[in-house]
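Working notes for the structure below.
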Amino acid sequence: MPSLAILSTLLALAVAFPLNNPPAPQTCNGDSRLCDRQYSNITFIGAHDSPFVGTPDNLAANQGLDLQAQLAAGIRFFSAQAHQNVLGQLDFCHTYCWEYDAGPVTDYLSTLASWLDANPNDVVTLLLVNGGFYDVSLYAAAFESTNLSQYAYAPNKTLQLDEWPTLAQMIKANTRLVALMDYGANTTTTPYILPEFSTYYFETPYDTTNPLFPECSINRPPGASAQGRMYGMNHFLDLDVLATGIDVPDNARDVETNAAEGPGSIGAQAEVCAGLYGRYPNFVLVDRVAVGEVFVAQERMNFAAGR
Ligand SMILES: *[C@@H]1O[C@H](CO)[C@@H](O)[C@H](O)[C@H]1NC(C)=O
Ligand SMILES: *[C@@H]1O[C@H](CO)[C@@H](O)[C@H](O)[C@H]1NC(C)=O
Ligand SMILES: *[C@@H]1O[C@H](CO)[C@@H](O)[C@H](O)[C@H]1NC(C)=O
Ligand SMILES: *[C@@H]1O[C@H](CO)[C@@H](O)[C@H](O)[C@H]1NC(C)=O
């Protein structure tokens, strides 16, 4: 029979650490300095077209590492484009399912759900590119059948830039997935898939073929104001094949493109952006996350001098 002393110790522990009120996390996305930062004030390097994985000679592949390996490397932001295949199944496909079919969206979401199960102090973002302009219910079904929806953060109103929770708050609430959709979100029916362009973000131009990435204008939504919105910087270089207008990833230049500094680097373009908007981008989409110095660049944007 347990002694009174043990019982009172257990009682004290239960008061200090009640199960439904976990202690504040010590590190958030691997860094204690990020815990008290609002989600809207953090820069994430993002894997552009995260599901499309292949060797550099595969012109339909943007990444060299798969989702699991991207996560292991430290990437916490992912973009992924979905289309229905010929059978009507929702797959991650690169523009067309005949071009590159990375398999069912549910497979990818299951991998993400398992990773979140195993990594309770991390917050990740999934930016869905709704290639076929499908109804959001198609995505909701995938989120629910894989149980990923349990982790998705669903604010009960439209948040202003300064109203976003901190990473520590998201971790404590176990709402550790920010799910965004470029077009077609509907928070009335699916409160956890947040509208990217209609509400929360703008993005800089994509399909850039100038290796110097000299600009940071607002491309989508057209005519938007930077005021009050988070933003994404598209920093993946394309090659216009024989000037046909057909753009493919320019893998040969990934070392320079994904560098932290120097002409055409992540850092150089981020400074152009910061000069225009007074703050660094919230996400930076890159191809081939394992090439270059993407985490050095991320660190510098998050902890720039004086922060
Ligand atoms: C989702 O969660 C429910 C309830 O905990 C469980 O019964 C089901 O097996 C889970 N499904 C998956 C795909 O993990
Ligand atoms: C919305 O959520 C916030 C933060 O969780 C909470 O403080 C607030 O009371 C909620 N508002 C409504 C209208 O439910
Ligand atoms: C969202 O869904 C509701 C309910 O089906 C519908 O009334 C509304 O028009 C939809 N909003 C948008 C922006 O599609
Ligand atoms: C976060 O806030 C600091 C201070 O205002 C700013 O320098 C930095 O660029 C911001 N980062 C983002 C992603 O908003």
Side-chain angles (χ1 to χ4, degrees), residues 18-25 28 35-42 51 66-68 71 78 80 82 84 89-92 102-203 220-224 228-230:
L19 281 177
N20 57 1
N21 188 18
C28 300
C35 287
D36 292 330
R37 289 274 286 270
Q38 285 178 294
Y39 177 85
S40 53
N41 183 230
I42 296 174
D66 66 11
L67 173 61
Q68 194 77 50
L71 283 160
F78 308 88
Q84 280 177 323
Q89 174 179 279
L90 192 65
D91 285 5
F92 281 130
V105 164
T106 48
D107 285 0
Y108 185 101
L109 300 190
S110 293
T111 301
L112 199 49
S114 304
W115 192 88
L116 285 165
D117 291 343
N119 293 274
N121 289 337
D122 281 78
V123 174
V124 305
T125 305
L126 177 60
L127 169 55
L128 296 163
V129 177
N130 188 6
F133 293 94
Y134 306 115
D135 195 273
V136 68
S137 60
L138 220 56
Y139 295 89
F143 272 66
E144 273 144 41
S145 72
T146 57
N147 283 344
L148 186 60
S149 48
Q150 69 180 308
Y151 289 122
Y153 173 61
N156 56 15
K157 59 166 206 149
T158 299
L159 300 178
Q160 302 303 307
L161 201 51
D162 62 1
E163 289 179 329
W164 282 78
T166 63
L167 287 198
Q169 287 167 335
M170 298 176 88
I171 288 166
K172 222 172 163 225
N174 209 20
T175 50
R176 297 182 287 110
L177 171 72
V178 177
L180 306 168
M181 194 152 81
D182 60 349
Y183 299 107
N186 187 334
T187 52
T188 306
T189 59
T190 311
Y192 58 81
I193 295 183
L194 310 181
E196 187 198 10
F197 289 128
S198 74
T199 307
Y200 285 115
Y201 288 81
F202 71 86
E203 285 189 21
R220 289 176 295 172
R229 286 175 180 262
M230 292 185 271

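Numbering of ligands and ligand atoms starts at 1, following listing order. Every heavy atom of this structure was used, including side-chain atoms; hydrogens, water molecules and symmetry mates were not.
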Worksheet item: Between Tyr139 and Asn130, is any side-chain donor less than 3.5 angstrom from a side-chain acceptor?
Response: yes
Discussion item. For the 3.5 Å polar cut-off, considering only N or O atoms, please tell me whether Ser145 and ligand 1 meet it.
Written reply: no
Worksheet item: If you count the atoms of ligand 3 from 1 in the order shown, which ones are under 4.0 Å from a heavy atom of Thr189?
Response: 2 (O), 4 (C), 5 (O)
Worksheet item: If you measure from the Lys or Arg side-chain nitrogens to the Asp or Glu carboxylate oxygens, is any gap between Glu196 and Arg220 under 4.0 Å?
Response: no
Fill in: Aromatic plane relationship, Phe197 with Tyr183 - under 30° parallel, 30 to 60° tilted, over 60° perpendicular
tilted
Discussion item. Would you say that Val178 contacts Met170 through its side chain, given a criterion of any heavy-atom pair below 4.5 Å between the two side chains?
Written reply: yes
Discussion item. Parallel, tilted or perpendicular: which one describes the rings of Tyr153 and Trp164, with boundaries at 30° and 60°?
Written reply: tilted
Worksheet entry | With Phe92, the side chain to side chain contact (heavy atoms under 4.5 Å, CB included) member among Asp107, Val105, Val129 | Val105
Discussion item. Within this structure, what is the CG-CG distance for the pair Leu90 and Leu138, rounded to the nearest 0.5 Å?
Written reply: 5.0 Å
Discussion item. I'd like the contact residues of ligand 2, where contact means a heavy atom below 4.0 Å.
Written reply: Asn156
Worksheet item: If we only count N/O pairs under 3.5 Å, is Asn186 in contact with ligand 3?
Response: yes
